[in-house]
Amino acid sequence: MSEEEKERIARNFIRQIIIEDLKTNKWGGRVHTRFPPEPNGYLHIGHAKSICLNFGLAEEFGGLCNLRFDDTNPTKEDEEYVNAIIEDVRWLGFDWGDRMYFASDYFDQLYEYAVRLIKMGKAYVCDLSQEEIRQTRGTLTEPGIESPYRNRSVEENLELFERMRKGEFPDFAKTLRAKIDMASPNLNMRDPVIYRIKHATHHRTGDKWCIYPMYDFTHCLSDSIERITHSICTLEFEDHRPLYDWFLDQLGVYHPQQIEFARLNLSYTVLSKRKLLELVQRGIVDGWDDPRMPTIRGLRRRGYTPESIRNFAEIIGVSKKESIVDIAVLEHCIRDDLNKRAQRAFVVLNPLKVIIDNYPDDLVEEMDAINNPEDLSMGTRKVPFSKELYIERDDFMENPPKKYYRLAPGREVRLRYAYYITCTDVVKDPQTGEIVEVHCTYDPATRGGSSPDGRKVLGTIHWVSARHCFPVEVRLYDRLFIKENPNDVEEGKTFLDYINPNSLEIKTGYAEPFLKDAKPEERFQFERIGYFCVDSKYSKPGKPVFNRTVTLKDTWSKILKSLQESNE
RNA sequence: AGGGAUGUAGCCAAGUGGUUUAAGGCAUCGGCCUUUGGAGCCGACAUUCGCAGGUUCGAAUCCUGCCAUCCCUGCCA
């Protein structure tokens, strides 16, 4: 077996099924999947997992993947969502060619299938009300009661179903039900409704129909019509599989295989359309594309790349075990990607003025800075340097603890790509005692950041020239929830009780000049701080707003923490 | 009279009776290196696979029983 073939083996149970099917030629060598969203909301990272799975499998095995909208409920669905979903799947980097379908495209065919079921004596028109259907369904432990309309003649059913279609009955007056088994331990098999009356305008078929097929009936037949081989869905549909199979078997049509996997859960966030909608409606976030939202649009605005999301989907794996993936894995994926690609820049978020006493008052030097140490092909840039600078307040301490190797009285540090400086004096506000500026001297021999005598400095810090930098709005985002699993609520609470009140902090930073021209969606690493993306909503030409995608890993904060803990 | 699933480290997840003395990733902890305390590199991290029995020369993998968790009583998908 070659390395390549080994690589193809397993990795997850769905691949295993496909590899086996290919071996046995079950589908004539074909692999054909589909991503079937209902256009009733925006896509989130959980959908991304499914998208990557379905499109990825097709790609890997030389097959195809359709985009199909499961639009059988006109009162919930909308074209706005269709367009948003198309845009999001494209942005993730997937292509469905000319195979964008709508379940509503199949309404005529589906109607014919229903008629066939009636003719076979496998479906009937039921006059029971919603409440009566519920009451006769039985419970988890008791069988249901057969509908009094269950044994209508084929002719009567045909006529009634036709009249339902024509709009002769009001909403909810009648349903078409599959005649299966009211005593089945699987509730889905207790004569499920397959058509209901809804006098509603559909976003695609308009007012052509007033009866709409249910999911179970529609989905399997849509898969069949599109000649899907592997119909991949989430675990909660496992109980529906017997019904999926039943319709296809009764009708004797092409029969794909339904395979279920566990949906994604991510720590410190929620991934249900209902809860996400609630965050939007209550104004807790700034809309579906708020950078804190786990939606595709939110992640995009936050600065996540399609590649990082696809890589995430790949490394978390696919299984049938319900689990919560640590959001640190997602954060790792974006750091890993941006580390190799993002242009570096100097931005000071909490400025402290530094004056270099022995530096000429009016001199300005252009320092050469590497744009990306991980990719030298990205070149260098010039950063202006002068007598007065800003550094990060955290990078100076009057009484530093051990292991602190940044600036402190009498200490020498390197200003990255510039000079070594030594702190000579600290100026404080006489009222508050707050440090307002720090005086230093520089060593002219260390230009560029290295010394001819080879002496070492422990710390390297970033800086901006006070005269040349410009103020920028920087939005520091953090996790939306303070609880690892916000779905796990204590008595009397809701997931909203675990919102992180500090998930957004807006600051004004001082940025080096070239950042002024940054365009929406451009991503940067602010050295020693984190990765940032130009906001696509609030930025204006010449006035970029930066969203923090994720911080850089911060070893010092860990040392600090353990230092504090050992002091306690 | 319930049915359907799942249990491998803090979190994901390979493994499908014998080179497994249980891959890989995240996290964590050491060390090296470093003009980002970033990145990179090296190392540590399950005598054990929900539990208890059994089969076998040999079991995470097969059998039996038990336990835990999740899903199912929409004319939602």
Side-chain angles (χ1 to χ4, degrees), chain A residues 10-13 16 36-38 40 70-73 75-77 126 128-130 133-135 137-144 171-177 183-190 192-198 211-212 214-216 218-219 233-242 260 262 267 273 314-333 335-336 339-340 344 346 369-370 373-374 403-406 414-418 420 446 448-450 457-462 484 525-530 551-559:
Chain A
R11 277 221 306 279
N12 66 56
F13 75 101
Q16 195 166 40
E38 183 189 13
N40 71 341
D70 226 329
D71 55 349
T72 58
N73 188 351
T75 55
K76 287 191 173 174
E77 295 144 10
C126 182
L128 255 27
S129 71
Q130 216 160 169
I133 286 183
R134 194 176 66 75
Q135 279 169 353
R137 185 156 26 227
T139 68
L140 294 178
T141 51
E142 301 157 30
D171 287 3
F172 306 112
K174 289 180 172 14
T175 56
L176 182 72
R177 292 228 255 165
S184 171
N186 181 343
L187 294 270
N188 296 121
M189 301 299 272
R190 320 241 263 228
V193 170
I194 58 183
Y195 265 92
R196 75 290 215 186
I197 301 171
K198 280 197 180 204
I211 57 170
Y212 292 93
M214 299 286 289
Y215 165 84
D216 288 302
T218 307
H219 203 87
C233 62
T234 44
L235 249 30
E236 66 270 27
F237 292 103
E238 216 151 16
D239 286 341
H240 294 244
R241 192 172 61 226
E260 310 85 12
S267 61
K273 280 182 188 172
E314 184 62 38
I315 70 173
I316 56 171
V318 179
S319 75
K320 299 192 71 155
K321 184 170 115 191
E322 309 219 35
S323 59
I324 302 176
V325 175
D326 191 338
I327 198 163
V329 179
L330 219 209
E331 294 171 345
H332 164 261
C333 287
R335 283 193 189 104
D336 189 47
N339 175 46
K340 295 172 204 136
R344 313 284 131 122
F346 284 171
I370 294 167
E374 302 293 318
K403 288 189 183 170
Y404 183 84
Y405 30 96
R406 282 115 86 148
R414 168 164 43 234
L415 293 177
R416 183 157 225 230
Y417 300 131
Y420 288 10
T446 57
S450 59
V457 285
L458 247 22
T460 300
I461 64 176
H462 61 100
E484 183 167 342
Q525 183 200 93
F526 292 176
E527 293 214 24
R528 305 208 307 134
I529 300 177
T551 61
L552 244 30
K553 279 209 260 177
D554 185 359
T555 309
W556 169 243
S557 72
K558 278 182 195 167
I559 295 170

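A note on names: the letters A, B, ... follow the listed sequences, proteins ahead of strands, and every chain is numbered from 1.
With sequence neighbours excluded, the residues satisfying ring-ring contact (aromatic ring centres under 6.0 Å, His included) with A:F526 are A:F532, A:F546. The salt bridge (Lys or Arg N to Asp or Glu O under 4.0 Å) check on A:R406 picks up A:D395, with sequence neighbours excluded. Partners of A:H219 under the ring-ring contact (aromatic ring centres under 6.0 Å, His included) rule, at least two apart in sequence or in another chain, are A:Y215. A search for salt bridge (Lys or Arg N to Asp or Glu O under 4.0 Å) contacts involving A:R416 returns A:E527, not counting sequence neighbours. A:H240 meets the ring-ring contact (aromatic ring centres under 6.0 Å, His included) test with A:F237; sequence neighbours excluded. Legend: residues meeting salt bridge (Lys or Arg N to Asp or Glu O under 4.0 Å) with A:D171, ordered by chain and number and at least two apart, are absent. For A:K320, the salt bridge (Lys or Arg N to Asp or Glu O under 4.0 Å) partners two or more places apart in sequence, or in a different chain, are A:E238, A:E260.
Residues A:F172 and A:R196 are not in side-chain contact: their nearest non-hydrogen atoms beyond the backbone lie 4.5 Å or more apart.
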Enumerate all atom pairs, one protein N or O and one N or O from nucleotides 22-27 of chain B, separated by less than 3.5 Å.
| residue | atom | partner | partner atom | Å |
| --- | --- | --- | --- | --- |
| B:C26 | OP1 | A:H332 | NE2 | 3.1 |

Per-nt protein contacts along nucleotides 71-77 of chain B (heavy atom under 4.0 Å; B base, S backbone sugar-phosphate only, - none) come out as BBBSBSB
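Minimum atom distance to the side chain of A:S319 is reached by B:A14, of the listed B:A5, B:A14, B:U36.
Within 4.0 Å of A:Q16, counting heavy atoms only, lies at least one base atom of the nucleic acid. If you check every strand for non-hydrogen atoms under 4.0 Å, A:Y212 touches nothing.
The base of B:G38 lies close enough to the side chain of A:E374 for a donor and an acceptor atom to sit less than 3.5 Å apart.
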